[in-house]
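Bear in mind that the values here come from a model prediction, so they are computed numbers and not experimental data. Chain A is the first sequence line, chain B the second, and so forth, proteins listed ahead of strands; every chain is numbered from 1. The analysis underlying the following values was restricted to heavy atoms, covering all of them including side chains, and did not include hydrogens, waters or symmetry mates.
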Amino acid sequence: MERVLSNELSLHVGERIHMAGWMHRIRKLGSGMVFVHLRDRAGICQIVVESPEAVASIDGLLVESVVEVEGTVVAEPQAAGGYELHDPAFTVLARVTEALPFPISKPVINAHLDTFLDHAMVGLRAPAKQAIFRLSAAAAHGFRSVLDAKGFTEIATPKILGTASESGANVFAIDYFGKKAFLAQSPQFYKQIMVGVFERVYEVAPVFRAEPHQTIRHLNEYVSMDAEMGFIKDHTTVMAMLTDVIRGILSSLADHCGRELELLKVDMPLAPEMFPTVYFPEAQEWIFEHHGEDCRNEPDLAPQHEKWLGEWAKQTFDSDFLFVTGYPMVKRPFYTAPNPADPRYSNSFDLLFRGTELVTGGQRLNSFEDYAAALEARGMTQEAVASYIETFRFGMPPHGGFAIGLERFVMQLTGLANLREAALFPRDMERLAP
RNA sequence: GGGGUCGUGGUGUAGCUGGUCCAACACGCUGGCCUGUCACGCCGGAGACCACGGGUUCAAAUCCCGUCGAUCCCGCCA
């Protein structure tokens, strides 16, 4: 007999069926009656256990025991979902006899994040936790399908590198057969190189940052959704593409993740056709005028500034997204293209999502001469990035791209208090397990 | 790297201007009751030497110092 999932009971009313899953909740009423909530990958349904034999067969089992059950589907208005299983016969597949480190069947899990993460192996089974990662998977899927439809090719670039190229200080060094190697802090060089091959490429993969940060919005390993495209006018071409990607992800979530969005009470973001845009120095002026903080000589925005700008975008433009363009060249990596009208500023952008940095992107340099000059200006040698800049000697179109932090996206979407909650098994300065 | 906060049963907290605390409440576990529970309800029970080490005091969960652990902010970034 084929296994029926918990969301398929309505198709089998009156039939004798087989189900299997975890005993999510066990409610014993006196005089022998027991309600068992069975959890499988599709959801949760209820089993009514009344016969003394059936009650005896699950005696001593604690929640998360795995069972197979044969029973009769009954339409029952009193049951959540309207259907339940009667006259069950259980087969125990895995017996649990000790209590969980913390209860996972309550709507709210009462455990500190640190405690939760220590026991993420079982904690992640909680429906509300599952929902976070189903959304995460759906967001990555949405990213891929939008870009697939726009002629992008998915690539897989190496995560073990021979040179700590981009900035040097914040990469993890590893031993590679006796040679020094580094974990990739971004696929930046390779995705640009691959623009020379495919014009449009993307990658969804982990990146590694050795930054010693200790905040609610940083991880030392996270999933970066990178895209890079050739034949652009300037960074605004990239911003338009990014806008389509974000809007595409959101509509795909709305279409396919209704259950998760509802369970997590997600407030769907305001994402207008055109995201509002503010030029970096103007953003600083605005902050000075409206919040009295003079950051006009700073080369970057502080988290508090981004929060203010996010609120402003929402109130003024009905948008949870805000582009900040033209970050000063001094704060951008060497491959960044300057603003031709004012070379102090760059043709790059950040996308703020509800006041937190979600995406960085921009136009890149594309001529070899520009790379040679940029490296020299920063005191870097061509040798250090030899195979990368060789690309630009052999014909590279104007190009640019962006990188979305997947966990950041999910955190801001669902209103999580800590980025670690958006990673299955987060890596931070202190945590290497599980 | 700089700064702040916090460590009390398996989990989350209260107690922390020292004595009434061999530590309380909720969840979980457990014995019993209820044939419609679904964050059920009711009556019992087990489970903590209050992170660790030292000090002050007649008296320390409570005050002081140190260690370890956790956590947040800034810097940096996505």
Side-chain angles (χ1 to χ4, degrees), chain A residues 24-38 44-52 55 60 62-64 74 76-82 84 86 96-119 122-123 128 166-167 169-170 185-188 206-226 298-306 327 331-333 349-353 356-361 402-412 417-420 422-423 428-431:
Chain A
H24 185 67
R25 188 197 297 271
I26 304 167
R27 289 235 44 80
K28 288 180 187 164
L29 271 62
S31 64
M33 193 188 198
V34 181
F35 291 98
V36 172
H37 289 191
L38 188 76
I44 293 169
C45 70
Q46 177 162 276
I47 303 167
V48 183
V49 191
E50 286 183 286
S51 80
V55 170
L62 296 190
V63 289
E64 293 306 300
V74 173
E76 173 55 72
Q78 292 176 95
E84 61 188 14
H86 284 203
V96 174
T97 52
E98 69 180 300
L100 293 170
F102 43 79
I104 65 169
S105 64
K106 300 279 172 182
V108 180
I109 292 189
N110 247 344
H112 278 151
L113 184 56
D114 187 53
T115 308
F116 176 83
L117 293 176
D118 281 343
H119 303 281
V122 290
E166 247 190 272
S167 54
N170 54 356
Q185 59 154 317
S186 101
Q188 181 63 33
V207 295
F208 306 90
R209 302 278 167 97
E211 305 282 355
H213 31 224
Q214 192 60 268
T215 78
I216 55 166
R217 60 184 187 286
H218 290 95
L219 294 171
N220 293 292
E221 175 179 353
Y222 68 93
V223 175
S224 182
M225 301 198 291
D226 271 84
E298 298 293 325
D300 204 354
L301 298 174
Q304 180 59 59
H305 302 152
E306 293 174 344
Y327 281 80
K331 286 301 286 184
R332 291 302 194 180
F349 60 83
D350 274 5
L351 179 66
L352 307 185
F353 178 19
T356 291
E357 206 171 313
L358 174 69
V359 186
T360 289
F402 57 83
I404 305 174
L406 175 58
E407 293 88 348
R408 282 259 178 109
F409 176 78
V410 172
M411 169 178 164
Q412 293 301 88
N418 194 308
L419 188 62
R420 290 165 181 81
D428 61 35
M429 279 185 81
E430 304 299 334
R431 182 171 291 280

Can you find an N or O donor on one side and an acceptor on the other, under 3.5 Å apart, linking the side chain of A/Gln46 with the base of B/U37?
yes
Can you tell me how far P of B/G41 sits from CZ of A/Arg27, to the nearest Å?
8 Å
Distance in Å, A/Asp350 CG paired with A/Glu357 CD, rounded so as to fall on 0.5 Å steps:
4.0 Å
Which nucleotide, if any, forms a Watson-Crick or G-U wobble pair with B/G53, using both distances under 3.5 Å?
B/C65
May I ask you to test the A/Leu358-A/Phe409 pair for a side-chain heavy-atom distance under 4.5 Å?
yes
At 4.0 Å (heavy atoms only), tell me whether A/Glu98 reaches a base, stays on the sugar-phosphate, or touches nothing.
nothing
Distance check, rounded to the nearest 0.5 Å: A/Leu419 atom CG versus A/Gln412 atom CD?
9.0 Å
Which of the following nucleotides, B/G36, B/G28, B/A70, is nearest to the side chain of A/Lys106?
B/G28
Among residues at least two apart in sequence or on other chains, which ones pass side-chain hydrogen bond (donor to acceptor under 3.5 Å, both in side chains) with A/Arg25?
none
Look through every strand shown and name the nucleotide pairing with B/A70 as Watson-Crick or G-U wobble, where both distances are under 3.5 Å.
B/U5
State the pairing partner of B/U35; accept Watson-Crick or G-U wobble contacts with both distances under 3.5 Å, and report none otherwise.
none
Verify side chain to side chain contact (heavy atoms under 4.5 Å, CB included) between A/Arg332 and A/Thr360, making sure each step is shown before the conclusion.
CA-CA 10 Å; A/Arg332 291 302 194 180; A/Thr360 289; 3.2 Å; yes
Could you give the CG-to-P distance, from A/Asp114 to B/A70, as a whole number of Å?
6 Å
P spacing across the pair B/G55 / B/A61, given as an integer number of angstrom:
15 Å
Taking only residues two or more places apart in sequence or in another chain, which ones pass side-chain hydrogen bond (donor to acceptor under 3.5 Å, both in side chains) with A/Thr115?
none
Run A/Phe353 and A/Val359 through side chain to side chain contact (heavy atoms under 4.5 Å, CB included) and show every step you take.
CA-CA 9 Å; A/Phe353 178 19; A/Val359 186; over 6 Å; no
What nucleotide, of B/G10, B/G36, B/A39, holds the atom closest to the side chain of A/Ala79?
B/G36
Which nucleotides of nucleotides 3-8 of chain B have their base under 4.0 Å from a protein heavy atom (B), which only their sugar-phosphate (S), and which neither (-), written as one string 5' to 3'?
------
Rounding to an integer number of Å, can you tell me how far A/Met429 CE sits from B/G69 C1'?
15 Å
Classify the side-chain pair A/Arg209/A/Tyr222 by whether it contains a donor and acceptor separated by less than 3.5 Å.
yes
Regarding A/Arg420 and A/Asp114, does a basic nitrogen lie under 4.0 Å from an acidic carboxylate oxygen?
no
Short side-chain N/O contact from A/Thr115 to OP1 or OP2 of B/G12, under 4.0 Å
yes
Taken in chain and number order and not counting sequence neighbours, the residues that satisfy salt bridge (charged side-chain N to carboxylate O under 4.0 Å, His left out) with A/Asp118 are A/Arg431
Identify the nucleotide, in any strand shown, that forms a Watson-Crick or G-U wobble pair with B/C25, with both distances under 3.5 Å; if there is none, say none.
B/G12
Given A/Phe35 and A/Ile47, is the side chain to side chain contact (heavy atoms under 4.5 Å, CB included) satisfied, shown in steps?
CA-CA 6 Å; A/Phe35 291 98; A/Ile47 303 167; over 6 Å; no
Pairing partner (Watson-Crick or G-U wobble, both distances under 3.5 angstrom) of B/A78:
none
A/Gln78 CD to B/U35 C1', in whole Å, measures 10 Å
Base, sugar-phosphate, or nothing for A/Ala111, non-hydrogen atoms under 4.0 angstrom?
sugar-phosphate
Can you check the A/Leu29 CG to B/C33 P distance for me, whole Å?
12 Å
Just call it for A/His86: base, sugar-phosphate, or nothing, with non-hydrogen atoms closer than 4.0 Å on any strand.
base
Going 5' to 3' through nucleotides 72-78 of chain B and flagging B where a protein heavy-atom sits under 4.0 Å of the base, S where only the sugar-phosphate is that close, and - otherwise, we get BBSBBBB
What do the steps show when you test A/His37 against A/Glu84 for side chain to side chain contact (heavy atoms under 4.5 Å, CB included), and what is the final call?
CA-CA 10 Å; A/His37 289 191; A/Glu84 61 188 14; over 6 Å; no
Write out a two-atom table: protein N or O, nucleotide N or O from nucleotides 29-31 of chain B, distance below 3.5 Å.
none

Does the structure show a Watson-Crick or G-U wobble partner for B/C58, both distances under 3.5 Å? Name it, or say none.
B/G19
Whether A/Phe35 stacks on the six-membered ring of B/U37 base, 5.5 Å and 30° limits
yes
